[in-house]
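Below is one structure, written out as structure tokens, with a few remarks after it.
So that the names make sense, note that chain A is the first sequence line, chain B the second, and so on, each numbered from 1.
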Protein chains: 2
Amino acid sequence: MDSHQLLIDHISEIVSLDDSIKSLIRERFIPRHLKKKEMLLYKGDVSHHMRFIAEGCLRNYNIDENAQEHILQFAVKGWWINDLYSYLTETPATFFIQALEDSVVLQISKNELTKLFDEAPALERFYRIKFENAYVALQNRTIHGMSKPIEERYSDFRNTYPEIEQRVPQFMIASYLGITPESLSRVRKRMSSK
Amino acid sequence: MDSHQLLIDHISEIVSLDDSIKSLIRERFIPRHLKKKEMLLYKGDVSHHMRFIAEGCLRNYNIDENAQEHILQFAVKGWWINDLYSYLTETPATFFIQALEDSVVLQISKNELTKLFDEAPALERFYRIKFENAYVALQNRTIHGMSKPIEERYSDFRNTYPEIEQRVPQFMIASYLGITPESLSRVRKRMSSK
DNA sequence: ATGACTTCTTGATTTGAGTCAATGAATTAG
DNA sequence: CTAATTCATTGACTCAAATCAAGAAGTCAT
């Protein structure tokens, strides 16, 4: 399926779009192709685009003072990826975004998107709902990440993102869960033995 | 200072309000007085109001399957408190909100506020900005909560919320930081000895 | 195909936070 | 004001995950 059709179907799951809006979406969302390991956004740069993944897999991560990587989000086809705060406030990004596989993202600049909102209120509604979801997803992660034992967090991850588990190296999943690769390896062993 | 004036000053720090809007704010935000330990919102109820704290101190917390409390947020005079997801989507709240001191909140129902947005676009803008901030505050907590050692998280907390540290019992701060009261007590001892 | 690098696993050890238990201090209620 | 309750501290112990280290398996580049 072509990238734009995927995006249109994705949006249409939440709001209905008439044909003129669909055309606008096809015009204004620009495909960008990324090689594996290519960076989509650097920490410190301003994120000027809203980005939809049409193909591939990316990660959103931070590098702390001790040069330790911490993965915040994985995203695959049909997801959105961004440093939302940077995008919203037009301040330097606090994360990196990198392709983990050859990927295609459809991106639209904030200016263009703002204009599009005037022409297509349905689209604005779509984003409002997306933002709400983003907020609550983050909130759930904050709460649950807090208390639950690793074993449980790992199986939650597997259940929530079955596609991702297959495609992402294990040490990155460990980073996402906030544990060492060694610990994850042991958790897996424990879990498989029963 | 009267409660509504505090709210008006607070909003005016971000957007400018003309006198007619100020009057509307005085009319539509209704004060609610809470005794210490009184509940403002129960898990399972829908949060129908946006709430500004004019006096006192409250907490937002969850109780997990093991009857363990986890505090997500403290809030004092000049802050907002809500179960945002419940409010936004009109679904049952996932948290409790409780007064930790005798408190006064100014609250407005979602319906009223939505109407007010039509009369006062500046107000809508104010909330958009507030929501962005809420998202990023949560994001920071998620990231940092993940990796940093307890000692550092505790001093971050002290620096970010100096007022709160004075007013909230220590075991609640421990809960907010995701550790036991015993551990916090030991961290404090370690920190004071150097 | 070969060597170089990356990733995963496993073992030994250390460490930091949790648990349990007791005591003392501080708040609250009557 | 006193008793009851709640809260903070401390000690002894346990345990889960981190760290350190080595080796096996897998992947990539030439």
Open item on the list: Can you measure A:R188 atom CZ to C:dT10 atom C1' for me and round it to whole angstrom units?
Closed with: 14 Å

Task: Degree of bending in the helix from C:dA1-D:dT30 to C:dG30-D:dC1 once both end axes are built from five pairs, to 10° - done: 60°

- [ ] Can you label the angle between the A:W80 ring and the A:F29 ring as parallel, tilted or perpendicular, going by 30° and 60°?
- [x] perpendicular

Open item on the list: I need the CE-P distance between A:M172 and C:dT6, as an integer number of Å.
Closed with: 12 Å

- [ ] Could you go through the side chain to side chain donor-acceptor pair (under 3.5 Å) check for B:N111 and B:S109 one step at a time?
- [x] CA-CA 5 Å; B:N111 283 343; B:S109 73; 5.3 Å; no

- [ ] Sorted by first residue and then second, give each ring pair (Phe, Tyr, Trp, His ring centres under 6.0 Å) pair with at least one member in residues 86-123 of chain A; sequence neighbours left out.
- [x] A:Y61-A:F96, A:F117-A:Y127

Task: Members besides A:V136 in its Ile/Leu/Val/Met/Phe/Trp/Tyr cluster (side-chain heavy atoms under 4.5 Å) - done: B:Y85

TODO: Sugar-phosphate means primed atoms, P, OP1 and OP2; the rest is base. With that split, encode nucleotides 11-30 of chain C 5' to 3' as B, S or - using protein heavy atoms under 4.0 Å.
DONE: BB----SSBB-------S--

TODO: Could you tell me which residues satisfy side-chain hydrogen bond (donor to acceptor under 3.5 Å, both in side chains) with B:E165, sequence neighbours excluded, listed by chain and number?
DONE: B:Y154, B:R158

Task: Atom pair distance, as rounded to whole Å: CD in A:E69 and P in C:dT6 - done: 13 Å

Open item on the list: What I want to check is whether the side chains of B:S47 and B:N82 have a donor and an acceptor closer together than 3.5 Å.
Closed with: yes

Open item on the list: Measure CD/B:E165 against P/D:dC7 and give the value in whole Å, please.
Closed with: 17 Å

Open item on the list: Expressed as a whole number of angstroms, how long is the span from A:R167:CZ to D:dT27:C1'?
Closed with: 18 Å

Open item on the list: Can you list everything that forms a side-chain hydrogen bond (donor to acceptor under 3.5 Å, both in side chains) with B:T180? Sequence neighbours excluded, please.
Closed with: B:S183

Open item on the list: Taking the ring of B:Y176 and the ring of B:F74, is the distance between their centroids below 6.0 Å?
Closed with: yes

Open item on the list: In this structure, how many angstroms lie between the P atom of D:dA25 and the CD atom of A:Q170, rounded?
Closed with: 16 Å

